[in-house]
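A short worksheet on the structure shown next.
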Amino acid sequence: MKVSIERSALLKAMGRAQGVVERRTTIPILSNVLIEAEGAEIAFRATDLDIEVLDRTPAMVERAGATTVGAHTLHEIVRKLPDGAMVELQDDGTAGRLEVRAGRSQFSLATLPKEDFPVMASSEYSCSFTCPAPVLRRLFDKAKFAISTEETRYYLNGVYMHVAESPEGRRLRCVATDGHRLARIDAEVPAGAEAAPGVIVPRKTVGELRKLLDDDEAEIAVSVSETKIRFATPEVSLTSKVIDGSFPDYTRVIPQGNTKRLEVDAAEFASAVDRVSTVSSEKSRAVKLSLDEDRLTLSVNAPDSGAATEELAVAYGDEPLDIGFNAKYLQEIASQIDRENAVFMFNSMNDPTLVREGDDESAVYVVMPMRV
Amino acid sequence: MPALCLDCGSRTTGPRCPACGSPRRTAHDELFTLSIAHLDCDAFYASVEKRDAPELADKPVIIGGGKRGVVSTACYVARIRGVRSAMPMFKALDLCPDAVVIRPRISYYAEISRQIRAMMDELTPLVQPLSLDEAFLDLSGTEALHRASPAEMMARLLIRIERELGLSASVGLSHNKFLAKLASDFDKPRGFSVVGRAETLARLAPLPVRAIWGVGPAFAATLEREGIRSVADIRRQGMESMMRRHGQGGLRLWQLAHGEDRRRVTPHEAVKSISSETTFERDERDPEILDGHLWRLAGKTSDRAKAKELGGRTVTLKLKRADFRTITRRLTLDDPTQLAGRIYAAAAPLLAREMEHAPFRLIGVGISGLVPGAEADRADDLLRPDSARAAKVERAADAIRARFGDGVILKGRALR
């Protein structure tokens with residue numbers, strides 16, 4: 001194999017590849033990226049056996065061929081090369097080395113045989129559709145903060161993407177929860193997606209997917225089956241197994257009968273929560289919200305380290321209410337609110353609280369209170 | 001040379017005490033200037049049992065649990081036959097088949113330990129218990145109060161423990177904790193050993209590295225490979241080289257090897273974790289039975305956490321396989337807990353995943369990442385609407401047990 005490629009194109013491809021490659025793996029070949037040069041294209045393939053990313057980039061191929069090389073090392077090398085450099089990758093197929101040349105720099109990297117590289121089995125997808133990048137970006141960005149990290153509840157370690165019935169008709173919906181908070185984000189169902197099976201997209205896949213969604217004009221081809229999901233642009237295709245488990249019935253935890261309504265400027269609210277929680281030395285900082293006629297008092301009382309209060313002018317017309325929350329949860333939800341006002345719907349100090357953007361039902365959050 | 005009689009506590013000269021005629025004495029140039037002491041009861045559990053049953057006085061007595069357990073304490077008669085603490089019971093019984101094995105009565109020993117603690121508290125506020133049978137005491141600055149030196153006060157304490165409780169103990173006296181603890185072991189039982197500043201380096205030099213607190217078999221083996229066997233070998237290494245090879249542990253070792261230890265005697269050593277474990281009579285592989293033990297141990301851990309008003313963020317499951325290899329698995333919770341139900345719920349899936357390694361000889365469960373009790377269990381789980389109810393049930397059961405006794409209410413599964 002002998003091929004030349006521009007440094008920035010190579011950096012982009014290797015950035016995606018090394019995101020998928022696990023740093024600590026016991027199987028050496030999984031640290032490597034599979035490089036295949038043919039025609040006028042070079043392809044980079046990386047996998048952790050659950051996710052596979054395949055990146056195709058135009059390149060000057062002098063001699064076709066394929067090999068595998070350590071993804072992190074190659075990524076680091078390319079990152080450190082000067083912008084605009086041309087990079088030449090060459091291996092003679094026998095020495096077990098890949099020569100990397102750029103300008104006066106020269107590297108010789110150990111390779112492993114391409115035959116050992118595990119290529120993810122191709123599979124049948126039961127449903128395929130295309131979706132504009134900004135739609136997917138919103139669905140996943142707003143939901144991902146609520147993904148659980150608790151390994152024993154593995155079925156919560158991802159975003160549940162499915163087609164759901166709502167009062168406005170069918171919606172493409174993403175839900176994530178860790179048992180303390182929940183995010184439910186809706187979008188219109190793209191043409192052809194009606195029959196998509198519900199799948200739990202793993203946290204890592206959500207992170208890698210995000211790298212494909214920066215371009216507002218991009219259309220993402222989505223293919224789904226019961227066991228896999230694929231997101232593809234003309235250059236990149238990201239294939240992932242989905243979490244094998246059933247997502248809990250989240251509909252019953254979304255409160256329907258909460259009547260006490262608070263409307264508050266989301267950004268102002270988030271920074272006030274941040275300020276008062278400074279005095280708390282606890283790991284899970286608890287903030288108390290005291291509601292009275294058009295007035296919200298945030299307070300933190302940490303016997304060892306101090307106390308803080310802050311008052312906000314809000315719209316609230318129900319009976320007074322005291323309720324506590326984890327400060328981090330409030331801030332994370334408030335930072336999802338794009339429009340000015342966040343609407344909180346309370347029931348009692350012990351019941352889950354619903355949060356949404358104005359009266360928009362397409363992004364709904366639920367947060368569990370905390371005893372303070 | 002300043003000297004003390006160990007039988008009456010008075011200052012002496014010559015080979016016999018002028019006051020009581022006893023030959024038991026401790027003498028040292030720095031005897032009346034040193035003030036950090038380590039008190040260690042002699043074969044504490046076994047001595048308590050012998051005290052209460054005089055017919056056992058000349059018999060080998062081993063305190064430990066069941067045929068499958070380990071020796072927790074061996075009396076001096078059993079020690080002569082080679083029995084050591086932490087030795088598996090079957091091995092101990094091979095060495096000493098006529099031993100009288102007694103199950104430990106921890107709460108009884110704890111009561112006696114409290115009596116000794118009360119005596120120590122009369123000497124100084126700086127008492128740091130390490131376990132039921134040993135403690136550090138810092139007697140600096142108490143001389144004016146007691147009108148006696150720390151050495152005299154410690155000698156009198158030993159005499160008082162023997163007279164009032166019928167138990168013997170040994171004392172190490174030095175200028176820091178490390179040396180005091182080392183010294184208390186020099187002349188056991190009924191010993192009173194002193195390591196002064198002037199002789200510190202010479203006393204340490206010939207000791208094996210294992211004598212240094214914190215050097216276990218693994219670290220000792222690593223050091224052995226580097227040709228380091230004795231404390232003197234460590235001193236020859238130089239500080240930088242020890243640090244480079246062993247990091248902070250290397251530096252600590254180097255300092256201790258020079259007799260330097262700046263740790264204070266702290267009365268309230270913060271608890272870092274709370275746990276309970278049990279060793280089985282026979283290796284256990286039945287998931288139902290293991291689960292039953294896990295439930296019971298989660299309850300025990302929870303009881304201790306509640307008693308100390310603490311909660312933990314991380315739940316740790318500990319298993320020992322038939323080949324003695326230990327497995328620990330941990331899970332960090334979003335919300336710290338002290339509730340048995342939640343500790344169990346976190347540990348049970350960890351156990352389920354390790355069942356392929358069954359049978360096990362030991363199972364344990366603990367919490368760490370401790371927080372004040374008020375910060376624990378403040379959030380309920382959206383997806384487990386019954387969790388709030390379960391927590392209330394557990395609190396109610398606790399209240400009932402507090403009022404009517406431990407056995408009056410328990411879950412059916414605890415009977416398995």
Side-chain angles (χ1 to χ4, degrees), chain A residues 146-156 160 175-184 246-255 280-288 301-305 323-330 332 348-354 365-372, chain B residues 268 270 291 294 298 309-317 328-339 341-355 365 367-392 394-395:
Chain A
I147 298 174
S148 170
T149 51
E150 229 178 270
E151 274 175 53
T152 46
R153 293 162 100 180
Y154 60 93
Y155 47 86
L156 300 181
Y160 180 43
V175 179
T177 181
D178 63 0
H180 301 291
R181 57 260 172 85
L182 175 145
R184 189 197 77 188
S246 49
F247 201 79
D249 177 13
Y250 63 87
T251 53
R252 62 190 169 83
V253 308
I254 296 175
S280 169
S281 57
E282 302 172 17
K283 278 190 190 142
S284 40
R285 300 172 167 192
V287 172
K288 187 163 100 178
N301 198 347
D304 296 335
S305 49
I323 186 168
F325 292 101
N326 183 321
K328 183 178 128 217
Y329 296 169
L330 287 183
E332 280 178 342
S348 81
M349 61 181 291
N350 295 317
D351 293 313
T353 292
L354 188 127
Y365 307 94
V366 181
V367 58
M368 205 66 192
M370 195 170 177
R371 282 174 280 277
V372 284
Chain B
H268 302 288
D291 188 73
L294 186 62
E309 294 186 8
L310 291 169
R313 186 173 290 276
T314 301
V315 174
T316 303
L317 172 76
T328 56
R329 294 289 177 263
R330 59 194 59 208
L331 178 76
T332 298
L333 308 168
D334 294 320
D335 185 36
T337 191
Q338 59 169 207
L339 294 174
R342 287 191 179 154
I343 296 170
Y344 168 77
L350 301 178
L351 172 62
R353 276 195 282 175
E354 301 305 324
M355 281 309 293
V365 64
I367 55 172
S368 56
L370 301 179
V371 300
E375 287 175 32
D377 302 299
R378 286 189 301 183
D380 295 321
D381 196 316
L382 273 170
L383 302 170
R384 294 176 181 145
D386 52 337
S387 68
R389 220 176 67 90
K392 274 187 200 154
E394 187 174 331
R395 300 266 185 224

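Residue numbers start from 1 in every chain, and the chains themselves are labelled A, B, ... in the order their sequence lines are given, proteins ahead of strands.
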Which atom of B/L382 lies closest to which atom of A/P352, heavy atoms considered = CD2-CB, 3.8 Å
query = What are the two closest heavy atoms between A/R252 and B/L383, and how far apart are they?
reply = NH2-O, 4.0 Å
With rounding to the nearest 0.5 angstrom, report the [atom1] to [atom2] distance, [X] to [Y].
| X | Y | atom1 | atom2 | result |
| --- | --- | --- | --- | --- |
| A/M368 | B/R378 | CE | CZ | 14.5 Å |
| B/D380 | A/N350 | CG | CG | 7.5 Å |
| B/D335 | A/D178 | CG | CG | 11.0 Å |

task = Keeping the roles fixed (side chain from A/R371, backbone from B/A374), state whether a donor-acceptor pair exists under 3.5 Å.
result = no
Measure distances from [X] to the heavy atoms of chain B and classify the residue's part below 4.5 Å as side chain, backbone, both or neither.
| X | answer |
| --- | --- |
| A/S148 | neither |
| A/L182 | both |
| A/Y329 | side chain |
| A/P248 | side chain |

ask   = Do A/E150 and B/L331 pass the side chain to side chain contact (heavy atoms under 4.5 Å, CB included) test, and can you show the C-alpha distance, the side-chain angles, and the key distance before you say yes or no?
value = CA-CA 8 Å; A/E150 229 178 270; B/L331 178 76; 4.0 Å; yes
query = Residues two or more places apart in sequence or in another chain: which of them pass salt bridge (Lys or Arg N to Asp or Glu O under 4.0 Å) with B/R353?
reply = A/E151
